[in-house]
Amino acid sequence: MSKKVPYRLYLTEDQMPKQWYNLRADMKEQPDPLLNPGTGKPLAEQDLYPIFCEELAHQEMDAETRYVDIPEEIREMYRIYRPSPLIRAYQLEKALDTPAKIYYKFEGNNTSGSHKLNSAIAQAYYAKAQGLAGLTTETGAGQWGTALAEACSYFNLPLTVFMVKGSYEQKPFRKAIIETFGAEVIPSPSNTTEAGRKILAENPGTTGSLGCAISEAVEKAVTSPNYRYVLGSVLNQVLLHQSVIGLEAKIAMDMLEEYPDIIIGCAGGGSNLGGLIAPYMQDKLLGKANPEIYAVEPASCPSLTRGRYAYDFCDTGKVTPLARMYTLGCGFIPSANHAGGLRYHGMSPILSKLYHDGYMKACSVEQTKVFEAAVFFAKNETILPAPESSHAIWKAIEEAKKCKETGEQKTILFGLTGTGYFDMTAYTSYLAQTMSDYIPTDEDLERAFAQLPKIPGIQ
Ligand SMILES: *Cc1c(COP(=O)(O)O)cnc(C)c1O
């Protein structure tokens, strides 16, 4: 029998992790290397220096160092809003009348409203330490742009954010927060870059995508002296920083003498999921435990469940290195789905490899079902969840309902990545029943797959 569990468990400052955990150190088979799109040859760490600052390029390529010290300056800023609470969803359990025990790790307790601040702080810190003049980035739903603006303001670094046009128009207050922290915001695609002008010429009415915004941000970084580009998800370095979520969760669960049977996270580029599962995936890789792990993605942008495991560009404008990942094709522009943070064509190469090798599962869900779960959760747990996070809520509820049928008392842990205060347009459309579920057809996907890069000798 486990101990009586409080509603919210916070670690003390002393219990917070002092190191990040690098999942690659325990993977028997590594994700395939990044390739130079021109030569088809694997990239070396130095090849990344024009795009990323040196320490982050090192973290990107380092598959050996198991634990990486978190610099004190980063831990100082973490202490402002961490540890994040591990919450037992007693009211949700009661409402579902399920024997399952449901826990969630809540990352929405900071102004950015999501887990993204965990990596933004690290990336701004290393850029400052290298003496860079400034940073550029993209933002989809706006959480990453906000998080990075907070971090850059703290470390006193200029920042330009290319914001996906659809979100820019739908979420004017997101833009206002980013500007409050002193960053510049440009709607993407824009005519301030070559890549943006090209995308606009081909597709004038487009509301943009993360892939387009990445092309613009990379271009701006490489054409501005001593600027670098930073990315809020997908990359190995981001998964490393986000491991703080899973490490904290595991310390708290261990204190409660609990071990999850099922771990669930929403998956856009894979960073929150990769971070949450990190120490549990370690157990799985080392054969110590065998929790079921689920990535939940929107049916409108199903990279794991319907994508190809192939080398592809990380952006629409084809300016980035090639990564082998589950992808819908870098030319895939998803239909307007309100979970802006999940509208990315690819998936973290680390998670792609683990999924390909059978260490985790994936499922997809339509957005009306996601919002139904979101509202149900809000009414019972009093937190208004982000639409992205609500994909994980939906799956947790499904699993808890199965437990009710079978009588099994499974322990479920899911990541509640953020709050939905800037997503009220989406909530309003759900409540007015004007929200639709667009699922791409096989023909839509084939069109985008046809544009996957051809690499002699590889694919
Ligand atoms: C960005 C975001 C996500 C998705 O990104 P991942 O890198 O897949 O974690 C999920 N939830 C929220 C609240 C976000 O802001």
Side-chain angles (χ1 to χ4, degrees), residues 84 104-120 123 137-150 161 163-164 167 171 174 177-178 209-210 213-214 230-246 263-278 293-298 301-304 314 325-326 334 337-352 355 360 362 364 367 370 374 377 383-395 414-423 426:
S84 72
Y104 55 98
K105 179 77 169 154
F106 179 45
E107 290 290 321
N109 268 335
N110 66 78
T111 294
S112 81
S114 81
H115 64 288
K116 297 221 170 53
L117 193 55
N118 302 330
S119 183
Q123 299 200 45
T137 196
E138 79 297 328
T139 195
Q143 285 94 319
W144 170 246
T146 309
L148 192 64
E150 283 182 71
V161 180
M163 184 166 185
V164 175
S167 306
K171 301 183 174 187
R174 267 281 170 214
I177 299 191
I178 298 173
S209 70
L210 274 179
I214 294 173
V230 295
L231 180 60
S233 184
V234 186
L235 299 173
N236 302 336
Q237 54 186 276
V238 182
L239 265 73
L240 175 74
H241 307 147
Q242 294 296 357
S243 68
V244 69
I245 304 173
I263 308 170
I264 301 166
C266 62
S271 74
N272 85 82
L273 178 64
L276 175 68
I277 66 175
I293 295 175
Y294 281 98
V296 190
E297 52 187 19
C301 194
S303 12
L304 285 172
C314 303
M325 57 185 175
Y326 275 85
N337 181 303
H338 293 292
L342 305 182
R343 296 184 68 196
Y344 183 63
H345 66 271
M347 183 58 61
S348 142
I350 295 178
L351 292 191
S352 291
Y355 176 66
M360 51 183 267
S364 72
Q367 63 174 345
V370 168
F377 179 84
I383 296 173
L384 184 85
E388 292 89 347
S389 325
S390 306
H391 288 69
I393 296 174
W394 169 81
K395 179 67 179 166
F414 73 89
L416 187 70
T417 50
T419 47
Y421 305 132
F422 293 100
D423 299 289

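Every number for a ligand or one of its atoms is a count from 1 in the order of the listing. Quick caveat, the model's predicted, so the values are computed rather than measured. Just so you know, these numbers use all the heavy atoms, side chains as well, and skip hydrogens, waters and symmetry mates.
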Starting from the N and O atoms of ligand 1, collect every protein N/O partner closer than 3.5 Å and put each pair on its own line with the distance to 0.1 Å.
| unit_1 | atom_1 | unit_2 | atom_2 | d |
| --- | --- | --- | --- | --- |
| ligand 1 | 7 (O) | S233 | OG | 2.4 |
| ligand 1 | 7 (O) | S271 | N | 2.9 |
| ligand 1 | 7 (O) | S271 | OG | 2.7 |
| ligand 1 | 8 (O) | G268 | N | 2.7 |
| ligand 1 | 8 (O) | G269 | N | 3.0 |
| ligand 1 | 8 (O) | G270 | N | 2.8 |
| ligand 1 | 9 (O) | H115 | NE2 | 3.1 |
| ligand 1 | 9 (O) | S271 | OG | 3.3 |
| ligand 1 | 9 (O) | N272 | N | 2.8 |
| ligand 1 | 9 (O) | N272 | ND2 | 2.7 |
| ligand 1 | 11 (N) | T417 | OG1 | 2.7 |
| ligand 1 | 15 (O) | K116 | NZ | 2.5 |
| ligand 1 | 15 (O) | Q143 | NE2 | 3.4 |

Checklist outcome for this item: CZ (F414) and OG (S390) are apart, to the nearest 0.5 Å, by 9.0 Å
Checklist outcome for this item: When I264, I383, L276 are each screened for side-chain contact (heavy atoms from CB on, under 4.5 Å) with Y104, the one that passes is I383
Checklist entry - Is the Lys NZ or Arg CZ of K395 less than 6.0 Å from the centre of Y294's six-membered ring, within 45° of the axis? => result yes
Item to check | side chain to side chain donor-acceptor pair (under 3.5 Å) evaluation trace for S84 with E107 | outcome: CA-CA 6 Å; S84 72; E107 290 290 321; 2.7 Å; yes
Checklist entry - What pairs with S352 under side-chain contact (heavy atoms from CB on, under 4.5 Å), at least two apart in sequence or on another chain? => result Y309, M325, Y326, M347
Checklist entry - Taking atom OG of S233 and atom CG of L210, what is their separation to the nearest 0.5 Å? => result 9.0 Å
